[in-house]
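Working notes, structure below.
Scope of the values below: all heavy atoms of this structure, side chains included, with no hydrogens, waters or symmetry mates.
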Amino acid sequence: MSPRGITPPHTSGPTAGASAPPIRRASMPAQPWHGFFRGLAAGLAGLLRRQDAAPAAPLAAWERAAITRRRVFLALIALSTTIATALMAQVQPPYQHPALQYGQIVLFALLFAWVSAGFFTAVMGFYVMLRGDRHALSRQDVRHDPIRPDARTAIIMPICNEHVSTVFAGLRATCESLANSGAQQLFDVYVLSDTSDPDIRSAEIKAWGELRETLGDNARIYYRWRQRRTKRKAGNVADFCRRWGRNYRYMVVLDADSVMSGDCLVNLVRLMEANPKAGIIQTAPQAVGHATIHARSQQFASRVTGRLFTLGMAYWQLGESHYWGHNAIIRVEPFMKHCGLAPLPGRGALSGEIMSHDFVEAALMRRAGYHVWLATDLTGSYEQQPPNLLEELQRDRRWCQGNLQNARLIAEPGLHAVHRAMLATGALAYASAPLWLAFVVLGVALWLTGGLGASVTAFGLPIAVGGLWVGTLAMLVLPRVLGIAGILLRSEQRFYGGTAVLLKSALLEAGLSVLQAPVRMVAHSVFVFAALTGWRIDWKSPPREAESLRWRDAARRLLPSTSVILGAAVAAAAVNPALMLWMAPIALPLLMAVPLAVFTSQEGRGRRVSERGLLRIPEETWTPAVLRHAWSYAARQQRPTRWADVLQDESLFDLVRTAMGNRHTDRGRRALARRQLLLDLSAERSAESLAPTERMRFLSEPQSLEQLRLRHSILRGQVYGRQLARDMDRPRAAPHALAINSLRPAGGNSRTLH
């Protein structure tokens with residue numbers, strides 16, 4: 001028996017030096033979607049059939065608890081929303097335009113329900129933080145369970161044009177921690193690249209080779225690059241499943257910025273083994289890594305307030321929980337059988353390939369009869385936050401379109417009600433922004449029509465309406481207060497620098513959040529409009545390294561959308577100066593948007609904030625070994641690897657050839673085109689002048705790459721020979737002429753290259 005109750009498996013199969021194991025083909029079918037109206041009809045038909053079916057099996061204890069909790073949760077939301085909306089309708093004076101009045105009431109009800117849902121989720125999370133949850137999955141229940149040798153697990157990391165040194169630093173720290181856990185032989189690691197940049201791909205291959213050499217033969221680290229990059233990350237994962245999924249019982253999906261400890265990975269496998277009906281177990285990754293003020297603020301909020309929301313969601317979701325697409329373990333067989341993603345029918349931005357695949361895969365896994373859990377007490381799972389506001393908004397732009405797209409699947413037959421609700425709330429997370437904006441605009445319109453004349457105080461608002469606003473703000477602020485209270489009650493303030501520093505950090509984070517909220521509202525409103533009207537959405541990976549924003553970049557990205565709102569505010573204030581009070585909470589942060597984005601993106605200022613103890617998180621006070629190692633490896637200065645290094649460095653060239661696998665590409669039109677391109681190269685037009693697409697093709701064709709390297713070395717020899725001839729003041733020689741002529745076939749046909 002190896003350490004910690006883990007039985008080592010029998011070693012067999014491919015050698016550790018192979019770029020990938022032998023392929024074992026399997027299918028991953030994707031069923032076409034019904035569409036909204038056909039889904040409704042199929043769902044109703046299914047309800048009628050279930051009425052005549054045999055009685056269902058008795059519910060498990062956690063399922064009965066989940067039903068009770070969800071009923072209480074919905075009742076609290078409905079009760080608070082009804083009371084607040086009734087007060088809003090009662091205190092409103094007669095308006096000249098009743099349509100505006102009714103519109104404002106409807107918007108208020110929707111937005112108050114949204115705010116109250118978050119508030120009661122945080123309250124439930126506060127309860128769990130103090131009292132625990134006996135129905136939740138817990139590592140304590142399986143910490144001594146042995147793992148059978150056939151529980152083989154693949155760790156897969158899909159990447160696409162990432163910062164290579166940061167990605168492989170985190171992966172190395174994860175693999176080393178896994179080796180220290182004594183369970184390394186249970187896991188194989190796959191780097192699945194969709195990279196389209198030849199320099200980055202060359203750096204990936206070099207980093208992969210160095211990682212294999214560093215970890216030794218006991219660590220099976222594989223690398224695969226896809227030529228046909230379909231369906232983005234979901235397609236990359238599905239491609240892995242079709243090729244090698246049959247080799248594994250489980251797979252752990254990582255993001256490019258993920259770091260996980262060996263104990264966390266082993267406990268995930270233990271939880272899966274102990275719960276055979278679990279299809280997905282999601283960890284709660286902690287945000288760490290970047291030093292900018294923006295990232296530090298987000299990390300602090302995630303630890304103080306975000307933890308309550310995570311615990312609260314797990315409390316009422318239980319076995320019908322979220323999957324966030326990374327730092328989670330998946331049961332491979334049902335995933336391949338039931339979670340294939342077909343494109344959404346129709347035209348427009350909300351059709352085509354599914355972009356935000358994680359919520360949909362969780363819903364399909366639950367429909368197949370497997371449970372989806374959020375394991376909140378697993379430590380050792382980490383990710384990064386975007387380093388600045390612009391990159392956060394770029395990420396949100398992608399998520400916005402994906403979540404709105406997923407709303408088309410709400411009526412799909414067979415989905416669990418909780419997952420239907422998650423698809424709806426995922427869309428509402430972004431649709432709430434234009435709703436807030438519409439609510440503000442309606443308020444301005446009502447003010448301009450003179451409807452607020454009778455019961456206006458000196459501050460320009462009806463007293464009862466002011467009270468409702470205070471209640472709404474209280475629901476927004478109280479989760480932060482509960483987060484601080486939970487830390488104090490658990491005596492954890494020492495990890496945040498002490499009570500005084502904790503409170504100062506909370507005030508600083510809250511202030512930044514208030515200033516950034518209007519910017520997010522306007523940006524998300526634009527994103528929703530773009531998604532619904534078909535504006536192009538670029539799917540780009542966020543940077544893994546923090547870079548200070550330039551003023552012109554921040555102005556170019558933020559000024560166009562914010563200027564429209566500011567212009568409307570100025571116009572409204574010109575009509576009625578009292579409106580400035582109503583518009584100030586939005587207008588002032590928008591005026592500060594550009595300098596605030598630049599200020600919070602600077603690492604130097606972030607470090608100075610950290611030196612004062614502000615916005616610190618427990619991982620900075622007591623840093624786990626896996627993070628210390630990841631940060632240490634990422635901080636090492638290395639010369640960037642470029643495409644030309646593949647042609648000049650023999651060991652890197654051999655590694656690139658190994659990474660291609662057994663490919664035969666010496667026939668066909670593309671091969672002929674590569675050969676003609678080789679013959680067209682000269683000392684003046686070297687291999688470095690090739691277009692990026694041509695470089696990528698050479699990196700995919702072993703024979704062509706070998707010939708290009710030979711041609712490159714010959715041309716370099718020619719240049720060297722000319723320089724040498726000039727230096728020696730004698731007639732220029734033509735070194736390697738025989739080698740050049742050997743590239744041309746007999747008969748002078750330049751279309752064929754031997």
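- Seen from the ring of Trp208, Arg212 counts as a face-on cation partner, given the 6.0 Å and 45° thresholds.
- Checked options Val332, Val252, Leu186; the residue passing with Thr153 is Val252 (criterion: side-chain contact (heavy atoms from CB on, under 4.5 Å)).
- Legend: residues meeting ring-ring contact (aromatic ring centres under 6.0 Å, His included) with Tyr633, ordered by chain and number and at least two apart, are absent.
- Under the salt bridge (Lys or Arg N to Asp or Glu O under 4.0 Å) criterion, Glu383 pairs with no residue at all, not counting sequence neighbours.
- Ring planes of Tyr323 and His357: perpendicular class, angle over 60° (limits at 30 and 60°).
- Rounding to the nearest 0.5 Å places CG of Leu558 at 8.5 Å from CG of Leu549.
- Listed by chain and number, the residues in a salt bridge (Lys or Arg N to Asp or Glu O under 4.0 Å) with Arg607 are Glu603 (sequence neighbours excluded).
- The two residues Ile159 and Glu162 come nearest to each other via the heavy atoms CB-CG, 3.9 Å.
- Considering only residues two or more places apart in sequence or on other chains, Arg520 meets the salt bridge (Lys or Arg N to Asp or Glu O under 4.0 Å) condition with Glu392.
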For this session: Begin with the C-alpha distance, continue with both residues' side-chain angles, and end with the deciding distance and a verdict on side-chain contact (heavy atoms from CB on, under 4.5 Å) for Arg639 and Asp645.
Result: CA-CA 11 Å; Arg639 187 183 71 85; Asp645 296 337; 3.1 Å; yes
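- Closest non-hydrogen pair, Ala362 versus Ile280, comes out as CA-CD1, 4.2 Å.
- Pro158 approaches Leu254 most closely through the heavy-atom pair CD-O, 3.3 Å.
- Here the closest non-hydrogen pair linking Tyr382 and Pro624 is OH-CG, 3.2 Å.
- Taking Arg242 as the reference, Met28, Ala238, Asp239 meet the side-chain contact (heavy atoms from CB on, under 4.5 Å) condition, with sequence neighbours excluded.
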Problem set entry | Chi angles and distances behind the salt bridge (charged side-chain N to carboxylate O under 4.0 Å, His left out) call for Glu611, Arg608 | CA-CA 5 Å; Glu611 289 169 358; Arg608 286 193 288 273; over 6 Å; no
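- Using modelled atom types, no side-chain atom of Asp263 and backbone atom of Ser181 make a donor-acceptor pair closer than 3.5 Å.
- Checking Asn327 against Thr283 by side-chain atom types alone, no donor-acceptor pair falls below 3.5 Å.
- With sequence neighbours excluded, no residue satisfies ring-ring contact (aromatic ring centres under 6.0 Å, His included) with Tyr250.
- A salt bridge links Arg550 and Asp553; the closest N-O separation between the charged side-chain nitrogens and carboxylate oxygens is under 4.0 Å.
- Salt bridge absent: Arg232 and Glu353 never bring a charged side-chain N and a carboxylate O closer than 4.0 Å.
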For residues 298-309, dump all side-chain donor-acceptor pairs below 3.5 Å to protein atoms at least two apart in sequence or in another chain.
unit_1: Gln299; atom_1: OE1; unit_2: Gly289; atom_2: N; d: 3.4
unit_1: Gln299; atom_1: OE1; unit_2: His290; atom_2: N; d: 3.4
unit_1: Arg303; atom_1: NE; unit_2: Gln286; atom_2: OE1; d: 3.0
unit_1: Arg303; atom_1: NH1; unit_2: Glu619; atom_2: OE1; d: 2.7
unit_1: Arg303; atom_1: NH1; unit_2: Glu619; atom_2: OE2; d: 2.7
unit_1: Arg307; atom_1: NH2; unit_2: Glu492; atom_2: OE1; d: 3.2

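- The stretch residues 184-196 participates, sequence neighbours left out, in these salt bridge (charged side-chain N to carboxylate O under 4.0 Å, His left out) pairs: Arg152-Asp188, Asp188-Arg220, Asp194-Arg226.
- Expressed to the nearest 0.5 Å, how far NZ of Lys206 lies from OG of Ser165 amounts to 12.0 Å.
- Donor-acceptor pairing under 3.5 Å is lacking for the side chains of Ser548 and Gln602.
- Both tests do not hold together for Arg24 against Trp244: distance to the six-membered ring centre under 6.0 Å, angle to the ring axis within 45°.
- Defined by atom type and a distance below 3.5 Å, a donor-acceptor pair is missing between the side-chain atoms of Glu391 and His294.
- The minimum heavy-atom distance linking Val269 with Ala151 is given by the pair CG1-CB, 4.3 Å.
- Residues satisfying the ring-ring contact (aromatic ring centres under 6.0 Å, His included) test with Tyr496, not counting sequence neighbours, are none.
- Partners of Ser632 by side-chain contact (heavy atoms from CB on, under 4.5 Å), not counting sequence neighbours: none found.
- For Arg616, there are no salt bridge (Lys or Arg N to Asp or Glu O under 4.0 Å) partners at least two apart in sequence or on another chain.
- Under the side-chain contact (heavy atoms from CB on, under 4.5 Å) criterion, Ala154 pairs with Ile156, Tyr190, Phe240, Tyr248, Met251, sequence neighbours left out.
- A salt bridge does not link Arg709 with Glu706: none of the charged nitrogens is closer than 4.0 Å to a carboxylate oxygen.
- A donor-acceptor pair shorter than 3.5 Å can be found between the side chains of Asn161 and Ser196.
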